[in-house]
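Data block below; observations after.
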Amino acid sequence: MSKVAIVYHSGFGHADVLAHDVAQGVTDSGATAALLRIEPGQADFSDFFEAMADADAIVFGSPTYMGTVSAPMKAFMDASAKVYFTKQWKDKLGAAFTVSGSPSGDKLNTLTSLAIFAAQHGMLWIGTGQNPGNNDDTSAATDVENRLGSFIGAMAQAANDSPEVTPKAGDRATARSLGARVARAAARWRRGADAPLPEAALVG
Ligand SMILES: Cc1cc2nc3c(=O)[nH]c(=O)nc-3n(C[C@H](O)[C@H](O)[C@H](O)COP(=O)(O)O)c2cc1C
């Protein structure tokens, strides 16, 4: 069974809701999910690195603060330089989600930062794989999957409401779909790694 680690920070609970939705998508698709929540001020990530070494895929999640990842998420990213040198996460699958107050809120920058971070670690990126959900809908319904139209990762909007009521159903479904897609990709990737290479691939 493939394993997906979900490494995330959440200051006020919105990214936490999404992390659990990603985990739901993962388990619904037959993989196991490990939720690893970064705490403010955390400096020791050795337990995280241990759990992540064992994962086939890692989903990174951060709220968008001041147009980029939150400070605790960045602390984790910087601490991972230790792992970077040993290329421990090379060839693992990677994906990301974020939430911000505004429909845009510059959250693409958060996902781009996380995709670059994964690339530095030699990981392989998985996007949403979904067409934008709202392009034919002038009502901008909040129950539509991928309503914010993101390909690089799952986006959600929290507005100014509490995590009990936001992100809304469409954004939460987008997070579940991302988890499911990562789990399915991890299963295929793991199967491929175990399967013998066709002869043609061995030539040269
Ligand atoms: C320090 C700080 C900076 C923020 N910066 C942005 C921003 O750049 N764009 C935006 O749309 N929302 C911004 N917000 C709103 C948060 O992204 C939003 O409340 C999000 O749901 C927080 O997620 P969390 O509850 O998981 O911490 C900011 C909030 C805080 C506390």
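When a ligand or atom number is given, it counts from 1 through the structure's own listing order.
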Measure up the His121 and Trp89 rings against each other and bin them: parallel (under 30°), tilted (30 to 60°), perpendicular (over 60°).
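Taking Trp89 first and then His121, their aromatic rings sit tilted (interplane angle of 30° to 60°).
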
Please give the remaining members of the hydrophobic cluster of Tyr84, linking ILVMFWY side chains under 4.5 Å, ordered by chain and number.
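So far as hydrophobic clustering goes, Tyr84 is joined with Phe85.
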
Counting neighbours of CZ on Phe12 that are heavy atoms of other residues, nucleotides or ligands and sit closer than 6.0 Å, is the number greater than 12?
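Atom CZ in Phe12 is not packed in, count stays at 12 or less.
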
Considering only NZ, NE, NH1 and NH2 on the basic side and carboxylate oxygens on the acidic side, decide whether Lys3 and Asp56 come within less than 4.0 Å.
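Salt bridge: no.
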
With ring pair (Phe, Tyr, Trp, His ring centres under 6.0 Å) as the rule and sequence neighbours excluded, what pairs involving residues 53-75 come up?
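Listed by first then second residue: Phe60-Phe117.
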
Distance under 4.0 Å, heavy atoms only, partner ligand 1: which residues pass?
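Near ligand 1, by chain and number: Ser10, Gly11, Phe12, Gly13, His14, Ala15, Pro63, Thr64, Tyr65, Met66, Gly67, Val99, Ser100, Gly101, Ser102, Gly105, Ala158.
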
Sequence neighbours excluded and cut-off under 3.5 Å, please list the side-chain donor-acceptor pairs for residues 31-40, or say none.
{"residue": "Arg37", "atom": "NH1", "partner": "Asp16", "partner atom": "OD1", "Å": "3.4"}
{"residue": "Arg37", "atom": "NH2", "partner": "Ser10", "partner atom": "O", "Å": "2.8"}

